[in-house]
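The structure appears below as structure tokens.
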Amino acid sequence: MELSMPPPQIYVEKTLAIIKPDIVDKEEEIQDIILRSGFTIVQRRKLHLSPEQCSNFYVEEYGKMFFPNLTAYMSSGPLVTMILARHKAISYWKELLGPSNSLVAKETHPDSLRAVYGTDDLRNALHGSNDFAAAEREIRFMFPEVIIEPIPVGQAAKDYLNLYVTSTLLKGLTELCKQKPADPFIWLADWLLKNNPNKPKLCLHHIAEEPY
């Protein structure tokens with residue numbers, strides 16, 4: 001008896017990237033580097049955080065000597081936040097960024113983004129999540145409406161099914177009945193691919209938002 005193994009669950013890793021206030025004018029060329037490095041920009045926001053919001057975002061750094069300067073710097077002007085996706089997104093983005101201290105980066109990783117765009121240990125131009133847990137927390141902070149895969153069980157899974165899967169599938173089946181294609185399975189599969197509500201979208205247009 002041959003046992004059929006279920007296909008492995010594959011999902012693309014996501015990380016949070018921030019273009020910090022002093023280099024927002026370099027956004028277009030940084031986005032070009034991101035795309036050429038194999039990332040997809042899933043979502044993008046431009047916003048201006050208050051000092052309190054910056055304190056909440058960097059809560060794990062609270063109490064450190066540089067904390068007041070950090071929150072003042074991050075709230076000094078608009079910044080751009082992006083959800084980046086690709087295989088091993090977190091480690092690849094960290095590698096592209098280089099050391100957190102831009103002065104060190106200029107010495108040891110001169111081609112890294114922080115070496116090119118950063119100024120010193122504080123003004124290091126860009127942010128990246130340290131690990132999966134940090135990426136999940138930071139993405140939820142900057143994009144509270146986003147769904148982070150894999151979907152958990154319980155009520156969260158039910159909400160996801162009701163909000164996305166059931167409604168999308170119902171639309172697809174309704175359209176299938178109208179079209180009456182020769183091969184309904186292939187037609188429905190193609191329709192679902194085209195109409196996936198969570199399909200990553202590249203957004204390069206300017207979006208200004210008020211602090212939330």
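The residues of the chain are indexed from 1 along the displayed sequence. What's counted below: heavy atoms across the whole structure, side chains too, no hydrogens, waters or symmetry copies.
Proximity of Tyr117 to Lys20: side-chain heavy atoms (C-beta onward) are nowhere separated by under 4.5 Å. Residues Leu35 and Ile41 form a side-chain contact, since some pair of their non-hydrogen atoms from C-beta on lies under 4.5 Å apart. Within the 4.5 Å cutoff, no side-chain heavy atoms of Glu13 are placed close to those of Tyr92. Side-chain contact between Asp121 and Ser100 is absent, with no heavy atoms from C-beta onward closer than 4.5 Å. Between Leu113 and Trp93, the closest side-chain pair of non-hydrogen atoms falls below 4.5 Å. Two residues are said to be in side-chain contact when any heavy atoms from C-beta on lie closer than 4.5 Å; Leu16 and Phe143 meet this criterion. Counting heavy atoms from C-beta outward, Ile34 and Met82 have side chains that approach closer than 4.5 Å. For the pair Ile18 and Met142, the minimum side-chain heavy-atom distance is below 4.5 Å.
Residue Gln31 holds its CD atom at 12.5 Å from CZ of Arg36, rounded to the nearest 0.5 Å. Between Asn69 atom CG and Ser76 atom OG the span is 11.5 Å, to the nearest 0.5 Å. Rounding to the nearest 0.5 angstrom, the gap separating the CD1 atom in Ile19 from the NZ atom in Lys26 is 12.0 Å. Atom CG in Leu169 sits 6.5 Å away from atom CG in Leu188 (nearest 0.5 Å). Rounding to the nearest 0.5 Å places CZ of Phe185 at 9.5 Å from CG of Leu176. Going from atom OG of Ser91 over to atom CZ of Phe132 covers 13.0 Å, rounded to the nearest 0.5 Å.
Taking each heavy atom of His127 and Ser129 in turn, the nearest pair found is NE2-N, 4.0 Å. Smallest separation of non-hydrogen atoms from Ile23 and Ile30: CD1-CD1, 3.5 Å. Heavy-atom minimum distance, Leu84 versus Ala17: CD1-CB, 3.7 Å. When all heavy atoms of Thr174 and Leu170 are compared, the pair lying nearest together is OG1-O, 2.8 Å. Between Ala135 and Thr15 the shortest heavy-atom distance is CB-CA, 4.2 Å. Minimum interatomic distance between Ala125 and Tyr73 (heavy atoms only, all atoms of both residues): N-OH, 3.8 Å.
With sequence neighbours left out, the side chain to side chain donor-acceptor pair (under 3.5 Å) criterion links His109 to no other residue. Partners of Glu52 according to the side chain to side chain donor-acceptor pair (under 3.5 Å) rule, which considers only residues two or more places apart in sequence or in another chain, do not exist here. Asp22 is linked by a salt bridge (charged side-chain N to carboxylate O under 4.0 Å, His left out) to nothing, counting only residues two or more places apart in sequence or in another chain.
A continuous path of ILVMFWY side-chain contacts below 4.5 Å connects Tyr58 to Leu47, so both sit in one hydrophobic cluster. Val59 and Met65 are assigned to two separate hydrophobic clusters, defined by single-linkage of ILVMFWY side chains at heavy-atom distances under 4.5 Å. Under the 4.5 Å side-chain heavy-atom criterion for ILVMFWY residues, a single connected hydrophobic cluster contains both Val80 and Ile33. When hydrophobic clusters are built by joining Ile, Leu, Val, Met, Phe, Trp and Tyr residues whose side-chain heavy atoms come closer than 4.5 Å, directly or via intermediates, Phe141 is grouped together with Leu79. Follow the hydrophobic side-chain contacts under 4.5 Å out from Leu126 and you never reach Val104; the two are in separate clusters.
In this structure, Arg44 pairs ionically with Glu27, as a charged nitrogen and a carboxylate oxygen lie closer than 4.0 Å. Using a 4.0 Å cut-off between charged side-chain N and carboxylate O, Glu136 and Arg140 make a salt bridge.
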Quiz item: Going through the checks in order, is the side chain to side chain contact (heavy atoms under 4.5 Å, CB included) test met by Leu122 and Leu70?
Solution: CA-CA 7 Å; Leu122 176 65; Leu70 175 64; 4.1 Å; yes
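Taking a 6.0 Å sphere around NZ of Lys106, one finds it holds more than 12 heavy atoms contributed by other residues, nucleotides or ligands. Within a 6.0 Å sphere centred on CD of Glu95, other residues, nucleotides and ligands contribute 12 heavy atoms or fewer. Within 6.0 Å of CD in Glu61 there are more than 12 heavy atoms belonging to other residues, nucleotides or ligands.
Using modelled atom types, one side-chain atom of Ser102 and one backbone atom of Arg114 make a donor-acceptor pair closer than 3.5 Å. No donor-acceptor distance shorter than 3.5 angstrom exists from the side chain of Lys94 to the backbone of Asp131, with no hydrogens or angles considered.
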